[in-house]
Protein chains: 2
Amino acid sequence: MSQPLVVGARASIKKAFTSADVEKFAQVSLDTNPIHLDEAAGAASIFKQRVVHGALVSSLFSAILGCDLPGEGTIFMGQTVQFKAPVFLDDEITASVEVTEIRARRAVVTFKLEAVNSEGKVVIAGEATVMAPKHLIA
Amino acid sequence: MSQPLVVGARASIKKAFTSADVEKFAQVSLDTNPIHLDEAAGAASIFKQRVVHGALVSSLFSAILGCDLPGEGTIFMGQTVQFKAPVFLDDEITASVEVTEIRARRAVVTFKLEAVNSEGKVVIAGEATVMAPKHLIA
């Protein structure tokens, strides 16, 4: 199922966020900033159109870490993200994680994070630290 | 509407995440880790019950920054969060932000972030950096 948890191991996920996704996220997060929800507010912004919440896009990293690499049983300890460029509705985003460090004694694993848009432009860069299930640590 | 954007200015928001919130977030983020969604998986985890996605809880900071302080027109540049303790369903979380630094020339504002549960325990701590609307910078 899961691939070996070694430095250099990578996993990724793709998603294009729809208007309905952004509306649902606004409801559950309380982030109803009109730049995300309202066509006119998007058009009036420096981005000239509605943008997907950065917090929603960056949750793709949590999806990879919790469901794929390391996968189930992983405990998310922390995350640093820089929002480099806006994410627009319906543009397919590829989020990927890569193991950069494994501290075996406490099963603490550090990942480089990167999300790119359909043109290959980096939209989010960052780093996450998790506690991985001990049986996955060599 | 918005309060003055000065060092020490604070704003907060409260929310108890329901099972329905967590299910919606799982759909839009693709984070379907069973520890969030399945009673049995939660019970089998070190937390002994389902936990709310950390990425969902930390989106409350984005809600404050985009909707209240600084408010509309704010551009989220980056965020660092440490997940200190699990967040359980239906427990009211208070997320708050406090201005710690304002770099007036580029309207870049740094905030301390903190979320506490209904017992006052810190569940998330961190820092965010935004570009604020220029008219809000003294």
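Only heavy atoms go into these numbers, but all of them, side chains included; no hydrogens, no water, no symmetry mates. None of these values were measured; they are calculated from a predicted model. Chain A is the first sequence line, chain B the second, and so forth, proteins listed ahead of strands; every chain is numbered from 1.
Hydrophobic clustering keeps A:V122 apart from A:L113 (ILVMFWY residues linked when any side-chain heavy atoms are closer than 4.5 Å, directly or through intermediates). At a threshold of 4.5 Å between side-chain heavy atoms, the hydrophobic network of Ile, Leu, Val, Met, Phe, Trp and Tyr places B:F88 and B:V57 in two separate groups. If you chain together hydrophobic residues whose side chains sit under 4.5 Å apart, B:L69 and B:M131 never meet in one group. B:V99 and B:F76 fall within a single hydrophobic cluster, where Ile, Leu, Val, Met, Phe, Trp and Tyr side chains are chained together by heavy-atom contacts under 4.5 Å. Cluster annotation: A:V108 is not connected to A:L136 through the hydrophobic network of ILVMFWY side chains, with a link wherever side-chain heavy atoms come within less than 4.5 Å.
Only the side chain of A:I13 comes within contact range of chain B, with heavy atoms under 4.5 Å apart. For a residue to count as touching a neighbouring chain, one of its non-hydrogen atoms must lie under 4.5 Å from one of that chain's; by this rule B:F17 touches chain A with the side chain only.
The structure places CD1 of A:I124 at 10.5 Å from CD of B:Q79, a figure rounded to the nearest 0.5 Å. Annotation: the span from A:K84 atom NZ to B:M77 atom CE amounts to 9.5 Å, rounded to 0.5 Å. Atom-to-atom distance recorded for A:N33:CG and B:S62:OG is 7.5 Å, nearest 0.5 angstrom.
Residue-level contacts of residues 39-53 of chain B with chain A, in order of numbering, are B:I46, B:F47; threshold 4.5 Å between heavy atoms. Contacts between residues 19-28 of chain B and chain A, counted as heavy-atom pairs separated by less than 4.5 Å, involve B:D21, B:K24, B:F25, B:Q27, B:V28.
For the options A:L60, A:T18, A:T80, A:D31, heavy-atom pairs under 4.5 Å to chain B are most numerous at A:D31. Counting heavy-atom pairs closer than 4.5 Å to chain B, the top-ranked of the candidates A:T129, A:I35, A:I75, A:I64 is A:I75. When A:S29, A:A55, A:G126 are compared by the number of non-hydrogen pairs under 4.5 Å with chain B, A:S29 comes out ahead.
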